[in-house]
Amino acid sequence: MAREFQRGHKAKISDLTAGTDLYVGVQIAAPGLTFDISCFGLDANEQLSDDRYFIFFNQPKSPEESIQLLGAQSGDTESFRVTLDRIPAAIQKLSFTATLDGAGQMSQIGPGYIRIVAGGEEVVRYAFTGSEFTTERAVMLGDFYLKDVWRFAAVGQGFDGGLDALLKNFGGEVAEEEAPPAPAAAAPGFAPPAQATAPPAFGAPAAPSAPQAPQPAPSFGAPSAPTPPPAPQQPVHTAPTIAAPLAPQAPSPYGQPQQPQFGQVPGQAAPPAAPFGQQAPAPYGQPAPAPYGQQPPGSMTPGAPQGVPQGVPATGAGLQAALQPYKETATGQRWTPQNQQLMRVDLTMGGAGVLARQGSMVMYQGKVDFGYKSAGFVGRAVGNATGQEMQLMRCTGRGQVFLAEEGSHLHPVELQGDGICVSAENVLAFDESLQYEVRRVEGHGIPGGALFTMLFQGTGTVVVKTHGTPVVLPVTPTTFADCNAVVAWSAASQVIVSSQVRLRRNAYPGHSGETVNLQFRGAPGNFIVVQPYEV
């Protein structure tokens, strides 16, 4: 019996079947959409170092034929034959993907799956639906990966950028298409312009081919399966009824009687106009209008509660409509704020891991490993002496990690070879590729003789957390900040400790409490970040 996998589940192939000649079937469909299903053969760094192992309709097999594209059969949209014991040692992972050819989003797909069949028997199936995705145009469905033995993982990870983003993630290059030649003669000014349509990415025909009868699967692979029911048709709604406004009545010609209005007795004069600011009286035989802001008598539905707005809200009703504003936001970037207090990091984007404050993970999906990040003896000694010690964990793998801490506001700061000084207390997470060290801020008249901060440099992102919404100020010769409220500043800024400690002043009951401030100096372009909170 086939094992049902969920997103993130993985298992050894040997636990699923003893065979190595496997059939992989993918079923994915949506009304009016076309999909391209491919297999990427990746190296140990999960990169497409040999494009001969990019298996798609234009390259249906690998050089040694260990991976073969079989086409649609047995109810599957696309299928592959994978012979694990013939895959070369340089290939460490097989990633099966689906991309949209043309307009659309993965949220429009119906129920689909990726399955593995061995010896004519289905051994594992990962089912998915469009509700698991939003604006993605490409999705990694499942992986075969070599970790001492071959294993299978259900991935379900999407990319907003489609095939281009997928190729860049695997280290491939996207071939630029040539611009179409200019027309010989321009269309006349009164004629509509000619519609030029760019060729699709995979050269798919304009009209979908007629469905073929299911063919029997090869002896090594999938069993015969009944043809799946056709996708439900989109409901056709009738056009809304539009009521035309009544045209104003034109005055009668001079000397002829005017036609009476509706509800007015012939020969009776029109009712006088209402005084300014008051409502006009109702025509004869009609009820008087209700005062402004109230409903007329008899218009309330019997049994309806008074004072409660009736009808379905504009955003729809039901559980899905209520949860729609809080759905996961996937932008195809490595760091994506989900809201002011929650940060999402996609470990599949970029090669380096992420260092985060211990205990800051609130949820993750995919294959993610969490390890302890030791600062070493020297690092612990420096951290204890300066107060800039960070208890960190290392996040690696392929998946998404959601980070938060005590409802603090989170701000991703991307560095492109520059630097920023941030107190260790205000650091939530950062890319492992960044360099960081403790910097000393000299000063006189303060406890310990100096202040300390963390300096981050290089290329990557550091996530800064604040209490409330901070303010960013440019550095001028007259810029001062409370050392307990400042969060970060540009590394090129010059920092001077301005102490206002006065023994006589401190002795007075009316002392202000503002004793140590930081003065910032620097060229135009430098900045400081201050939070509305004192640590």
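All of these numbers come straight from a predicted model, not from anything done at the bench.
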So do the side chains of M349 and N169 get within less than 4.5 Å of each other, counting heavy atoms only? yes

If we ignore hydrogens and angles and just use 3.5 Å, is the side chain of R137 paired with the main-chain N or O of T99 as donor and acceptor? no

Please confirm whether K367 makes a cation-pi placement over Y145, using NZ or CZ under 6.0 Å from the six-membered ring centre and within 45° of the ring normal. yes

Which residues share a side chain to side chain donor-acceptor pair (under 3.5 Å) with T396, sequence neighbours left out: none

List the atom of L347, the atom of C395, and the distance in Å for their closest heavy-atom pair. CD2-O, 3.9 Å

Rounded to the nearest 0.5 Å, how far apart are CZ of R115 and CG of D76? 4.0 Å

Between the side chain of D431 and the main-chain N/O of T461, is any donor-acceptor distance below 3.5 Å? yes

Checking the side chain of S490 only, and the main-chain atoms of F527 only, is there a donor and an acceptor separated by less than 3.5 Å? yes

By salt bridge (Lys or Arg N to Asp or Glu O under 4.0 Å) - contacts of D43 (at least two apart): none

Tell me whether R394 contacts the main-chain N or O of G371 through its side chain, where contact means a donor paired with an acceptor under 3.5 Å. no

Could you tell me whether the side chain of E136 and the main chain of T134 form a donor-acceptor pair under 3.5 Å? yes

Does a side chain donor of either E328 or Q365 reach within less than 3.5 Å of an acceptor in the other side chain? yes

Search all heavy atoms of F35 against all heavy atoms of A30 and return the closest pair with its distance. CE1-N, 3.8 Å

Restricting to pairs with a member in residues 409-433, which pass ring pair (Phe, Tyr, Trp, His ring centres under 6.0 Å), not counting sequence neighbours? F430-Y436, F430-F456

Passes side-chain hydrogen bond (donor to acceptor under 3.5 Å, both in side chains), D101 versus T34? Steps please. CA-CA 5 Å; D101 185 5; T34 304; 5.8 Å; no

Nearest heavy-atom approach of Q68 to E65 is NE2-O, 3.2 Å

Got a sec, which residues hit ring-ring contact (aromatic ring centres under 6.0 Å, His included) with Y53, two or more places apart in sequence or on another chain? none

Within a strict 4.5 Å, meaning less than it, do heavy atoms of the V462 and I420 side chains meet? yes

For the residue pair T97 and M140, what are the closest heavy atoms and their distance? CG2-CG, 4.0 Å

Contacts of Q157 meeting side chain to side chain donor-acceptor pair (under 3.5 Å) (sequence neighbours excluded), chain-then-number -> D346, Q400

Spell out, as yes or no, whether a donor-acceptor pair under 3.5 Å connects the side chain of T129 to the backbone of G110. no

Answer yes or no: is there a side-chain heavy-atom contact under 4.5 Å between V530 and V487? no

CG-CD distance between L410 and Q340, expressed to the nearest 0.5 angstrom: 9.5 Å

S433 (side chain) donor-acceptor with T459 (main chain) under 3.5 angstrom: yes

Could you measure the distance from the CD atom of Q27 to the CG atom of L141? Nearest 0.5 Å is fine. 11.0 Å

Do V155 and Y126 have side chains that approach each other closer than 4.5 Å (heavy atoms only, starting at C-beta)? no

Does either side chain, that of E425 or that of S423, offer a donor lying less than 3.5 Å from an acceptor on the other one? no

Applying side chain to side chain contact (heavy atoms under 4.5 Å, CB included) to I28 and M106, what does each step give before you reach the verdict? CA-CA 10 Å; I28 184 171; M106 285 296 175; 4.3 Å; yes

What pairs with Q6 under side chain to side chain donor-acceptor pair (under 3.5 Å), at least two apart in sequence or on another chain? none

Are V354 and V401 close enough that some pair of their side-chain heavy atoms sits under 4.5 Å apart? no

Show the numbers, then the answer: is there a side chain to side chain contact (heavy atoms under 4.5 Å, CB included) between L403 and V463? CA-CA 10 Å; L403 304 172; V463 180; over 6 Å; no

Answer yes if the ring centres of F54 and F170 are under 6.0 angstrom apart, and no otherwise. no

Just wondering, do L22 and I13 contact through their side chains at under 4.5 Å, heavy atoms? yes

Among all residues two or more places apart in sequence or in another chain, which pass the side chain to side chain donor-acceptor pair (under 3.5 Å) test with T77? none

Ring pair (Phe, Tyr, Trp, His ring centres under 6.0 Å) pairs, two or more places apart, involving residues 90-115: F80-F96, F96-F144

Provide the full list of salt bridge (charged side-chain N to carboxylate O under 4.0 Å, His left out) pairs with a residue in residues 7-18, sequence neighbours left out, each pair given once. R7-E132

Tell me if a side-chain donor or acceptor on Q338 pairs with a main-chain N or O of M343 at a distance below 3.5 Å. no

Sort and list the pairs that fulfil salt bridge (charged side-chain N to carboxylate O under 4.0 Å, His left out) and have at least one residue in residues 86-99, not counting sequence neighbours. E46-K93, K93-D143

Can you measure from OG (S66) to CG (D21) and round to the nearest 0.5 angstrom? 11.0 Å

My understanding is that only residues two or more places apart in sequence, or in another chain, count here; which of them pass ring-ring contact (aromatic ring centres under 6.0 Å, His included) with W489? F520

Nearest heavy-atom pair of L94 and C39: which atoms, and what distance? CB-SG, 4.0 Å

Answer yes or no: is there a donor N or O on one side and an acceptor on the other, between the side chain of T83 and the main chain of D85, under 3.5 Å? no

Rounded distance [0.5 Å steps], OG1 in T453 versus CZ in R439: 8.5 Å

Could you work out, with side-chain contact (heavy atoms from CB on, under 4.5 Å) as the rule, every residue matching N58, not counting sequence neighbours? F56

Show your reasoning for whether side chain to side chain contact (heavy atoms under 4.5 Å, CB included) applies to V486 and V529. CA-CA 6 Å; V486 65; V529 182; over 6 Å; no

Under 4.5 Å between any side-chain heavy atoms of V139 and F128, yes or no? no

Quick check for you: to the nearest 0.5 Å, what is the distance between S408 atom OG and N426 atom CG? 8.5 Å

For L434 against G458, the heavy-atom pair lying closest together: CD2-C, 3.7 Å

Should the heavy atoms of other residues, nucleotides or ligands under 6.0 Å from NZ of K327 be counted, would the total exceed 12? yes

Look at the side chain of E432 and the backbone N and O of A352, then say whether any donor-acceptor pair between them is shorter than 3.5 Å. no

Counting only heavy atoms not in Q416, do more than 12 sit closer than 6.0 Å to its CD atom? yes

